[in-house]
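Remember, predicted model here, so these are calculated numbers, not experimental data. In this chain, residues are counted from 1 in sequence order.
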Amino acid sequence: NKIIIYIAKNLHTDITVDKLATYCSLNADYFSRVFKNKFEIRPHKYIQQKRIEKAQLLLLTTHYSIKEVAFNVGFKDVFHFSKLFKKHSKLSPAKYRKEHVSS
């Protein structure tokens, strides 16, 4: 559970499997296998999923630009953020906001 809390609190930072493994005092490969066995998802994919979920929340609850949302959830590249967002949400960030925010 401490690793899930760590991820949630640090989504805006550069979280890597190596950093997570070090945080848990484990080898990166072993950490990744243990994480996958426990949560049925690779750590990298879990982090992406949580970043997209937080981005969805920010799009619905703030007036941040798409770029600001991307940076607030740990993406340095807006194009990459938009591509992953669309892959997970089936909509672009702008379209997601437009379709889910009441006028």
| Do the non-hydrogen side-chain atoms of Val69 and Phe75 ever get within less than 4.5 Å of each other? | no
| said: Let me confirm one number: the OG-CD distance from Ser92 to Glu99, rounded to the nearest 0.5 Å. | reply: 8.5 Å
| task | Using the test salt bridge (Lys or Arg N to Asp or Glu O under 4.0 Å), find all partners of Lys50 that sit at least two apart in sequence or belong to another chain. | result | Glu53
| query | With side chains defined as the heavy atoms from C-beta onward, is the minimum distance between Phe31 and Thr22 less than 4.5 Å? | reply | no
| query | Within a strict 4.5 Å, meaning less than it, do heavy atoms of the Phe35 and Val17 side chains meet? | reply | no
| request: Kindly compute the distance separating CD (Gln48) from NE2 (His88), expressed to the nearest 0.5 Å. | output: 5.0 Å
| Does Ser32 use its side chain to pair, donor to acceptor, with the backbone of Ala28 at less than 3.5 Å? | no
| message | Let me confirm one number: the CG-CD distance from Leu91 to Gln56, rounded to the nearest 0.5 Å. | response | 9.5 Å
| Honestly curious: do Ile52 and Ile66 fall in one hydrophobic cluster under the side-chain, below-4.5 Å linking rule? | yes
| field | Any side-chain heavy-atom pair of Arg51 and Ile15 under 4.5 Å | value | yes
| task | Compare all side-chain heavy atoms of Val34 with those of Tyr30 and state whether any distance is below 4.5 angstrom. | result | yes
| message | To the nearest 0.5 Å, what is the distance between NZ on Lys9 and CD1 on Ile4? | response | 13.5 Å
| task | Using a cut-off of 6.0 Å, state whether more than 12 heavy atoms not belonging to Tyr64 lie near its atom OH. | result | no
| For Lys19 and Thr13, what are the C-alpha separation, side-chain angles and deciding distance, and is it a side-chain contact (heavy atoms from CB on, under 4.5 Å)? | CA-CA 11 Å; Lys19 285 182 184 177; Thr13 67; over 6 Å; no
| Distance-minimising heavy-atom pair for Arg97 and Leu58 | NH2-O, 3.9 Å
| note | The reported gap from CG in Asn27 to CG in Asp18 (rounded to nearest 0.5 angstrom) is 9.0 Å
| field | Neighbour count above 12 (heavy atom, 6.0 Å) for Lys54 NZ | value | yes
| field | Close side-chain approach of Ile41 to Lys36, heavy-atom, < 4.5 Å | value | no
| task | For the residue pair His12 and Asn72, establish whether any side-chain heavy-atom pair is separated by less than 4.5 Å. | result | no
| Axial cation check for Tyr23 ring with Lys2, 6.0 Å and 45° limits | yes
| Same cluster for Leu57 and Val73 if Ile/Leu/Val/Met/Phe/Trp/Tyr side chains link at under 4.5 Å? | no
| Would a 4.5 Å heavy-atom cut-off, applied to side chains only, mark Leu20 and Ile47 as touching? | yes
